[in-house]
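These notes are about the structure you will find just below.
First listed ligand is number 1; within each ligand, the first listed atom is number 1. In this text, all values refer to a predicted model and were calculated from it rather than measured experimentally. As a basis for the values below, the full set of heavy atoms in this structure was taken, side chains included, without hydrogen atoms, waters or symmetry mates.
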Amino acid sequence: MLYGYAGKILWVDLSTGALRDEPTPAGIARDFIGGYGMAARILYDLIPAGADPLGPENVLAVLTGPLTASGAPTGTRWTVACKSPLTGGWGDANGSGFFGPALKLAGYDAVFFTGISAQPVYLLIDAGVPALLPAGDWWGLDTYELEDAVKAKYGKKAEAACIGPAGEKLSLISGVVTAKGRIAARSGVGAVMGSKRVKAVVAVAGSGGIPVPDAEALKTVRDKYVKQINDGTGAANFYKTTGTPGYTAFGVVVADSPIRNWSESPDAFPDPNKVGHEALFALGRKKRTCWHCPIGCWGEIPLDGGPDAAHQPEYETGAAFGSNLLVDDVRMLLKSNDGCNRLGLDTISAGATIAFAMECYEAGLIGPKDTGGLALKWGDGETVLEVLDAMGRREGPLGELLADGTRRAAAKIGGNALDYAVEIGGQELPMHDPRYEPGLALIYQMDATPGRHTQACQYAGGPAEWDATEGFPGFGQQREKQVGRGHYMKPFSHLAHVMNVSGLCLFGYCSTTATLLSEFLSAVTGQPYDMATVMQCGERIANMRHTFNLKHGYNPLDQRIPWRAFGRPPLERGPTAGFTVDIDTLRREYLEDMDWSQDRALPSAAKLRELGLEDLVADIYS
Ligand code: SF4
């Protein structure tokens, strides 16, 4: 009995329409846990080097983890994994909401799509029974319309993970959307789903549960960690009261939020409270929560006071469409977020790409001929909405120019346009500034999915000898202390990997002690996961994703650094004035800790063998 898992994986050959069940592989489940860990192990063998990310050789995986729908507080997450068309290397993204639990309770731990369908289709899994069906009129719908169509056809229990117009048009900055706004946004996963002509995966939970070894013992663990959340451990109270919008104004003040395409200090965005949580919630926020989550960090807000509600813009969106574009109208933020969700666009990359376009326009690199006559002006929220819609639908000259993000747009524009593209490895940086917290720079460059802020606890500024059983050392930027800082990334990224692949939400992880992972994984799976085992699983997953990248010719050391965001040259004013990230030192420390070579980031053979990845040795060293 494979406790903690639904026990089955569904393989869908889109080229033939054939469906096949396989037992969830117990060894991979034990060593890679679930989510992108399991996907990396399986896809490493399946996707050949050089495969076109938008071609039939790419494989799209939709996965859960053992803590998804397990009773673990915030165990709501689901993951999409594939070769990324944005970076050319490993790609993954995860979302919350209701879809992950529905997929698992519908009887499957994961679905793997191979090949390409001749016609648009959707996959229905109704209480354990899968069917591949023609998408028909659903192709072309935005994600809200699709969600409504699914509920109308299959009832309220049906949960859909779908692409919008952006994914259909193969926008490389598109994601997979559930519940009209809980989106797996990064790595261009929406484009891969669109390339396979899969409009949606629809899951209807059955009446059975997930087998666990001892339900009473599991309840005891759950009670312990729900109590931690209720007692306000870590960031619990922040997530329960304001959620991430509570950071939007603060992030500007302390200079964590990028301003004017990362070129300015906080004085260029003088009234951040206009886009802060109080201004946003004054529009009439109704608090919402994901599947059985005791935190409930998000909410819905009426659009223009009408009956339609939109998801609240989270911090990342607030900064991407607020300070980074100099838009200080909170209603525009709400509409921009709503537009991204409907179109199925990654809000981080979309906002960053519009900021890039504004600076190119200002510099005269593009003009009215390229924009369809639109004048791109900082702070002009109405124009932002027009650009967003064109991008998401790949319509008109500007839509075609920007639909694939900053790197592709810069290549088309030419000249020095790349100087204005704040991306790494092809993916736009999230809204946390390495000049504020230099550890971010290391994560942005060295994670297998570059430019991600959820792959380690970037704010850790605590003691060098950190004990995972004592919880997190807390926030403390101490940005001047760069020597020694690179040593934080290894333990924190390993924990983040296990958190992500388990199906746990980052906000739950930040609202409890880290021992939640070991105690819940043990209680749910019946396997002995102590913290050392958890760390080793994280390290195995990190090496697996990284080696996938090396196989596909993506080396993090070869990537162009967005120097503007790393403080070269430094800002002249504001809290981070004069500061430059010492990326060489940070990277050297991390490579040393990981036992990866300093010159090519190659994992040592001894390390791979220690992690049970013997088969990768020959691939790297042949
Ligand atoms: S903390 Fe927020 S995003 Fe995470 S599971 Fe709970 S409600 Fe969802």
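Evaluated for a side-chain contact (heavy atoms from CB on, under 4.5 Å) with T248, the options N273, V275, V330 yield exactly one hit, V275. The residue from K180, K287, R288 that alone fulfils the salt bridge (Lys or Arg N to Asp or Glu O under 4.0 Å) condition with E300 is R288.
The aromatic ring centroids of H432 and Y315 lie less than 6.0 Å from each other.
Ligand 1 has G296 within reach: a non-hydrogen atom of the residue lies less than 4.0 Å from it.
Scanning the protein heavy atoms around atom 3 (S) of ligand 1, the nearest turns out to be C297 SG, 3.5 Å. For atom 1 (S) of ligand 1, the nearest non-hydrogen atom of the protein is F507 CB, 3.7 Å.
Close contacts of ligand 1 with T76, meaning ligand atoms under 4.0 Å from a residue heavy atom, involve 5 (S). For ligand 1, the atoms lying closer than 4.0 Å to a non-hydrogen atom of W298 are 7 (S), 8 (Fe). Each of the following atoms of ligand 1 lies closer than 4.0 Å to a heavy atom of R182: 3 (S). Taking every non-hydrogen atom of C505 and a distance limit under 4.0 Å, the qualifying atoms of ligand 1 come out as 1 (S), 3 (S), 4 (Fe), 5 (S).
Taking 2.8 Å as the criterion, C293 counts as a coordinating residue of atom 6 (Fe) of ligand 1, since one of its N, O or S atoms falls below it. Contact annotation: C290 places no N, O or S atom under 2.8 Å from atom 2 (Fe) of ligand 1.
A donor-acceptor distance shorter than 3.5 angstrom exists from the side chain of S84 to the backbone of S187, with no hydrogens or angles considered.
Electrostatic pairing of R545 and D92 counts as a salt bridge here, judged by a charged N lying under 4.0 Å from a carboxylate O.
The two residues P85 and A191 have their closest heavy-atom pair at CG-CB, 4.2 Å.
Y5 and T525 share no side-chain donor-acceptor pair at under 3.5 Å.
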